[in-house]
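Only this structure's heavy atoms are used, side chains among them; waters, hydrogens and symmetry mates stay out.
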Amino acid sequence: MSRGDYFCVYSSKRPWIVFTFLLVFSGLPVLSQQKNPKPQKHKAVSTDTLKITPAELKKIQAALKRNQEEQKNEFELNEVVITASESKGLSSSSIIDRKAMQHLQPSSFADLLELLPGGRSKDPNLTSANLIRLREVGIADENYDISSLGTAFYIDGAPINTRANMQYTTGFDTKSDLNSKRNITGKGVDMRSLSTDQIEKVEVVRGIPSVQYGNLTSGLVKIERKQGISALEARFKADGFSKLFYVGKGFEIPEKKITINAGIDYLNSVSDPRDRFENYKRLNASVRLHKLWESNSFNLSWNSSLDYGGSFDNQRTDPDAGYQLVDRYQSSNNRMAFNNNFTLKYNEVQLLKSIDIYSSLSLQRDKIDQTKWVQAGSAQILPITTEQGAHDAPYLTPQYTAHLLVDGKPVTGYLKAMANLGFKTGVVNHRILLGAEGNYSKNNGLGQVYNPLFPPSPGMTSRPRAYNDIPASEDLSFFAEDQLDFNIGRHEFKMAAGLRSMAMFNLPVNYKLNGQFNTDPRINAQWTLPKIDLGRKQLVIGFGGGFGWQTMFPVTEQLYPDYYYKDLVQLNYYHNNPAYRRANLMTYKILPVNKDLVAARNKKWELRTDISIDGNRLSLTYFQERLTSGFRKGSDFKSLAYQKYNTANIDPNLLTGPPALEAMEYENLKELIIYNIPVNGSALTKEGIEYQFTSRRIKHINTRITLNGAWFKSVYENSLPVYKWIKEDLIIDGKKAQYAGLYPDNDGFIRQQLNTNMIIDTYIPKIGFEFSTAIQCQWFLSKQNARKSGTPSHYIDVNGNQFPYTEADKKDKVLQWLNTEYSEGVFEKSSVPMNMNVNFKASRNFKDKIRVSMFVNRIFNYAPDYVVKGVKIRRSGFSSPYFGMELNFNI
């Protein structure tokens, strides 16, 4: 059954959906224009003396009042924006207000990204981590997670710190690791956990942010939540995959100048409506307080919040679809945060204008609880020692139930103090920002906990690890910025130039990052030309641009990776009598730490223009970004020695116990291994053009047209050479070939896309009705592999010796397998042609107390089939509508 077929069944089983839709959105009163009143006949008035009777005066006053109301209504209509609006600040950013979020009807923060230039609506996938990608096409490769990790999220001035998150599982293969699609270690913020119901405004800074924001490379997301008195709000949303409930209210204590806002929301989502064995749940609650003290000389405000956020993933085996009835996966993330912000503003004109202090403390309790039925296919040796050296090892139990607990308790602290100064030099107004910031993160959890005798995976080589043994991460930052503005004639100039310097501490002294300061210069400028009169309208043209560096530190798992254990079998003598069995291993314990790991740095610049006339506005932005030191898994090698015992001379009939090693012959062997280490090897180049046009509302039909989109070109590369094995399990002359090549260009991907969204929205306040139609077009999507050579620059033998790879080696019977010849077809560009979706949203307000909304994504879809190298790719008929409804109360 397709998703579209399921929705039809879903609607037929729930007739209230159809009934509500027909009740609310059909039978709307027809808008008829009021007839023009007949012109009143007035007697001629003498030009010498103007006499106005009281009745005529009332008519004039009424006409003036109507004119003012019409102007006010027209202003209010134009102020209603149900899409993201381009900021008029110094850096390119998108602003999404409460009205836009309400019309979009999101389930999580990830849904808001379709409003950004280049964004597109997607069906929610809430059973996998939702990561943010700004200004790029995107690629499914964890080696480029610096893109999402480098996007900072701030809620009411406090950052969401994920650096101490280590909720990953080890030992599973890709198919059996149920946590892989939910793992956000080193990936950034999971947007599933962020609800939108308590948010008042979101600003997504795509360009160069102020120097007061650091530890980022890609962008900045600033979230402001609701404050002030408000009626009791309630929201109920349902679609084919999830149900959402929210309630909130704002209180006021006037005599104490205190406002309190409280809210709670709950989400329950499934991966497939027909599958009840995999689901995701979210619970968020918040209490926020605002207090104001006023005096003649200063005002002091205090904003405080206590927040709880819970995310819960569950997955288990369908008992009717498999025999592994005990398999179960549960992941829970519980976060408590206490945030405070003090702002002291001076009323008198003086150098010091204000002081801001932000503080945040968050405590998390994260758990992964996984149960798995393990069945070994053959007799396997079980390595359990955590010490390096030779030792005997037991054999794995053939069948058992394994339990894995990943216990994480991240603790994060944040403190920032800023001083705002203001003065004037000549015609230039200066606003100076000075500040310092400190961050602390530590994981006090038990880490990976399981019984070594019953490991979660029979082939796993890792050992249990306690997170509370890992040192805390601490960093300190200082920043200064001058925001200045001045006029030259009728030309307006604005500029913000600043420096941010940041360093990490509490690291081992031999770490390159320890105490090393990284300085980020950033500058943004804006020039507004004199207004040009075009009849009764004015044309306003502005130009802007920015340049800057952005720096981000590694996360805890990258600074302190887990030990890598290599267990080499020296003896494997399996006897039917367990008393006569013996297995002996040579275990090597390797710490794959990279002491030369440094911060990731991104250089970005952009040029912008902004043109507006009579409420119509066009914004264009060209940008380039270049990051060459992103975090990824690199490779290193070692040559390991061990002894291989010969069991051919053992007579099983003469044994009275396990065979003695002292009486056995052995051979000294070596094995070459390659293991992963964290490196600064990911290079990400971004280039593109973003555009947005917004018209004023067309009179009489109250309709606005918004046209936005972007052309993105993203190049993903590995900037460091990589060690790779010779052809796997290559046997030559009866021996395994143990050689590895060093390849200078391991991977590279080039992605381009061009998107355009046209949104036509109509707002009719008289009947409380608004609806919009969004036509989303992806004109093309191209993919191409960057050119690379399959020839290594060097090769390594089993003894760990490194040699240059020559032309003669390409003819060697063993070394020739290190060379790979690529055909030209591997590097050819492939393109996916145009496809289009049409989405529809509508809402009806009843006296501003009740609001009923619905949406249908892909109500119409155009995706023609196309041919690639003679093969027809079918797309038609594979996209079904996705729809839902919600009910809002405002009492």
Flag, side chain of K604 to backbone of G207, donor-acceptor distance under 3.5 Å: yes
Okay, side chain of N799, backbone of N801: is any donor-acceptor separation there less than 3.5 Å? no
Are side-chain heavy atoms of L585 and V569 found at a separation under 4.5 Å? yes
Would the distance check show the side chain of S719 and the main-chain N or O of T628 forming a donor-acceptor pair, the cut-off being under 3.5 Å? yes
How long is the span from the OG1 atom in T170 to the CZ atom in R465, to the nearest 0.5 Å? 10.0 Å
Rounded to the nearest 0.5 Å, the CZ atom of R163 sits from the OG atom of S473 at a distance of 5.5 Å
Compare all side-chain heavy atoms of K367 with those of D407 and state whether any distance is below 4.5 angstrom. yes
Apply salt bridge (charged side-chain N to carboxylate O under 4.0 Å, His left out) to residues D745 and R787 and explain how you reach the verdict. CA-CA 9 Å; D745 44 7; R787 187 167 294 278; over 6 Å; no
Less than 6.0 angstrom from the centroid, inside 45 degrees of the normal: does R135 satisfy that with respect to the ring of F712? no
Describe, in one word, how the ring planes of F827 and Y822 are oriented to each other, choosing from parallel (under 30°), tilted (30 to 60°) and perpendicular (over 60°). perpendicular
Any donor-acceptor N/O pair, Y716 side chain to G138 backbone, under 3.5 Å: yes
Would you give the length of the straight line joining atom CG of L149 to atom CE of M552, rounded to the nearest 0.5 angstrom? 3.5 Å
Measure the shortest side-chain to side-chain distance between P209 and Q550 over non-hydrogen atoms and say whether it is less than 4.5 angstrom. yes
Between the side chains of Q212 and K416, is a donor N or O closer than 3.5 angstrom to an acceptor N or O? yes
Among side-chain atoms of D366 and Q364, is any donor-acceptor pair under 3.5 angstrom? yes
Would you confirm whether Q570, through its side chain, and Q643, through its main-chain N or O, come within 3.5 Å as a donor-acceptor pair? yes
Show the nearest heavy-atom pair for residues N572 and I381, with the distance to one decimal. CG-CD1, 3.7 Å
Ignoring hydrogens and geometry, is there a side-chain-to-backbone donor-acceptor pair from R522 to W549 under 3.5 Å? yes
Do T169 and D177 have a side chain donor and acceptor closer than 3.5 Å? yes
Check the angle between the aromatic planes of Y563 and Y565 and answer parallel, tilted or perpendicular using the 30° and 60° thresholds. tilted
Taking N819 for the side chain and Q816 for the main chain, is one N or O donor matched with an acceptor at less than 3.5 Å? no
Is any side-chain heavy atom of Q516 closer than 4.5 Å to one of Y511? no
Apply salt bridge (charged side-chain N to carboxylate O under 4.0 Å, His left out) to residues R463 and D567 and explain how you reach the verdict. CA-CA 12 Å; R463 310 291 195 267; D567 303 291; 3.0 Å; yes
Check: N602 side chain, E625 main-chain N or O, donor-acceptor pair, under 3.5 Å: no
How close do Y440 and A472 get, counting heavy atoms only, and between which atoms? CE1-CB, 3.5 Å
With a 4.5 Å heavy-atom cut-off, do T461 and K566 have their side chains touching? no
When you check the side-chain N and O atoms of R626 and T685, is any donor under 3.5 Å from an acceptor? yes
Should we count NZ of K181 as having more than 12 external heavy atoms under 6.0 Å? yes
Would you say Q738's side chain and L672's backbone share a donor-acceptor pair under 3.5 angstrom? yes
Closest non-hydrogen atom pair between P394 and L453, with its separation: CG-CD2, 4.4 Å
Any chance NZ of K788 has more than 12 other-residue heavy atoms, nucleotides or ligands included, within less than 6.0 Å? yes
Between the side chains of S210 and E481, does any donor sit under 3.5 Å from an acceptor? yes
Taken to the nearest 0.5 Å, the spacing of I184 CD1 from S193 OG works out to 7.0 Å
Do L194 and V189 touch side chain to side chain, with heavy atoms closer than 4.5 Å? yes
Any sub-3.5 Å donor-acceptor pair from N130's side-chain atoms to S128's backbone N or O? yes
Take a 6.0 Å sphere around CH2 of W817 and say whether it holds more than 12 heavy atoms from other residues, nucleotides or ligands. no
Over all atoms of both residues, closest heavy-atom pair of Y154 and A152: CE1-CB, 3.9 Å
Distance-only donor-acceptor check, side chains N183 and S180, under 3.5 Å: no
Note: S639 and G800 closest approach over all heavy atoms is CB-N, 3.8 Å
Please walk me through it: do D145 and K187 pass salt bridge (charged side-chain N to carboxylate O under 4.0 Å, His left out)? CA-CA 5 Å; D145 285 333; K187 302 176 186 290; 2.7 Å; yes
Applying side chain to side chain donor-acceptor pair (under 3.5 Å) to T551 and D520, what does each step give before you reach the verdict? CA-CA 7 Å; T551 300; D520 293 349; 2.6 Å; yes
Side-chain contact test, heavy atoms from C-beta onward, threshold under 4.5 Å: evaluate it for I470 versus M166 and give yes or no. yes
Audit row: E671, K644, salt bridge (charged side-chain N to carboxylate O under 4.0 Å, His left out) steps and yes/no: CA-CA 11 Å; E671 183 164 330; K644 188 69 174 179; over 6 Å; no
Residues I726 and A737: closest non-hydrogen pair is CG2-O, 3.5 Å
